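The block underneath contains the structure these notes are about, expressed in structure tokens.
Everything numeric here is computed off the predicted structure, so don't read it as measured data.
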Amino acid sequence: RRGDVEAAARFFAVPSFVANGGPPARLRTRAAILRFNRSLPCGARLVRADRARRGFVIATFVLTERPGPGTCGSGTGATARTAFRVRDGRIVDWLRVQDLPEAETTPA
């Protein structure tokens with residue numbers, strides 16, 4: 001949320017795998033990880049985290065504006081979900097997942 005892209009990039013392992021609604025990418029360098037983090041127009045506030053299969057955690061965020069290039073615009077206040085897998089304290093997989101209405105995510 002602070003727009004500190006370099007600090008955010010330090011949470012990622014080299015290499016890491018990302019998919020943010022577009023084609024998936026393997027980030028093989030620190031520079032590629034910085035570019036990915038700069039490409040995210042919104043900041044985010046974590047509101048929920050749930051364990052998932054294969055070592056993933058599904059995190060739900062409320063999107064915020066953040067300093068720096070780009071603007072979150074109409075996304076501000078919306079929710080977004082990302083599946084993370086972390087090894088040795090670093091993100092190795094960062095995958096955007098569909099944000100379902102609350103009623104659809106509650107088990108029957």
Side-chain angles (χ1 to χ4, degrees):
R1 284 192 307 256
R2 294 187 320 258
D4 189 344
V5 174
E6 290 189 25
R10 286 193 290 272
F11 287 107
F12 286 76
V14 179
S16 53
F17 182 79
V18 298
N20 190 29
R26 171 97 32 215
L27 306 179
R28 299 179 190 278
T29 66
R30 183 63 50 199
I33 292 166
L34 282 165
R35 279 192 302 276
F36 171 73
N37 277 277
R38 277 191 198 105
S39 76
L40 302 171
C42 299
R45 181 175 48 85
L46 179 67
V47 294
R48 182 176 175 160
D50 299 293
R51 291 187 189 273
R53 292 181 174 185
R54 299 180 188 218
F56 279 94
V57 172
I58 308 293
T60 303
F61 299 93
V62 172
L63 300 177
T64 66
E65 287 291 352
R66 73 174 191 180
T71 179
C72 192
S74 63
T76 302
T79 58
R81 295 172 68 219
T82 303
F84 293 97
R85 188 163 29 193
V86 176
R87 286 196 191 114
D88 299 324
R90 302 274 188 248
I91 297 167
V92 293
D93 294 297
W94 188 105
L95 312 170
R96 180 76 180 262
V97 295
Q98 186 176 3
D99 190 25
L100 300 173
E102 188 64 33
E104 293 181 36
T105 60
T106 305

Subject >> L40 side chain near R66 side chain, heavy-atom distance below 4.5 Å >> reply: yes

Subject >> Contacts of type side-chain contact (heavy atoms from CB on, under 4.5 Å), residue R85, not counting sequence neighbours >> reply: R54, F56, R87, V92, D93

**OP:** Kindly indicate, with the supporting measurements, whether the criterion side-chain contact (heavy atoms from CB on, under 4.5 Å) is fulfilled by W94 and F17.
**Re:** CA-CA 6 Å; W94 188 105; F17 182 79; over 6 Å; no

Subject >> Heavy-atom pair with the smallest gap, counting every atom of R2 and P67 >> reply: O-CG, 3.3 Å

**OP:** Establish whether F61 and V5 are linked, either directly or via other cluster members, by ILVMFWY side-chain heavy-atom contacts under 4.5 Å.
**Re:** no

Original post:
How far apart are the closest heavy atoms of R96 and R81, and which atoms are they?
Top reply: CD-O, 3.4 Å

Original post:
Does A19 have any side-chain contact (heavy atoms from CB on, under 4.5 Å) partners at least two apart in sequence or in another chain, and if so, which?
Top reply: P24, L95

If you look only at distance, which donor and acceptor atoms sit under 3.5 Å apart when one is on a side chain in residues 7-16 and the other is two or more places apart or in another chain?
residue : atom : partner : partner atom : Å
S16     : OG   : A13     : O            : 3.2

Original post:
Which residue, V18, L27, I91, forms the side chain to side chain contact (heavy atoms under 4.5 Å, CB included) with I33?
Top reply: L27

Subject >> Gap separating the CG atom of N20 from the OG1 atom of T82, nearest 0.5 angstrom >> reply: 7.0 Å

Original post:
With side chains defined as the heavy atoms from C-beta onward, is the minimum distance between T76 and L63 less than 4.5 Å?
Top reply: no

Original post:
Heavy atoms, side chains only, cut-off 4.5 Å: are V57 and V86 in contact?
Top reply: no

**OP:** Report whether F84 and L46 are members of the same hydrophobic cluster (ILVMFWY, side-chain heavy atoms less than 4.5 Å apart, transitive linking).
**Re:** yes

Original post:
Would the number of heavy atoms belonging to other residues, nucleotides or ligands and lying under 6.0 Å from CZ of R30 be above 12?
Top reply: yes

**OP:** Please answer whether the main-chain N or O of C42 pairs with a side-chain N or O of E65 as donor and acceptor at a distance below 3.5 Å.
**Re:** no

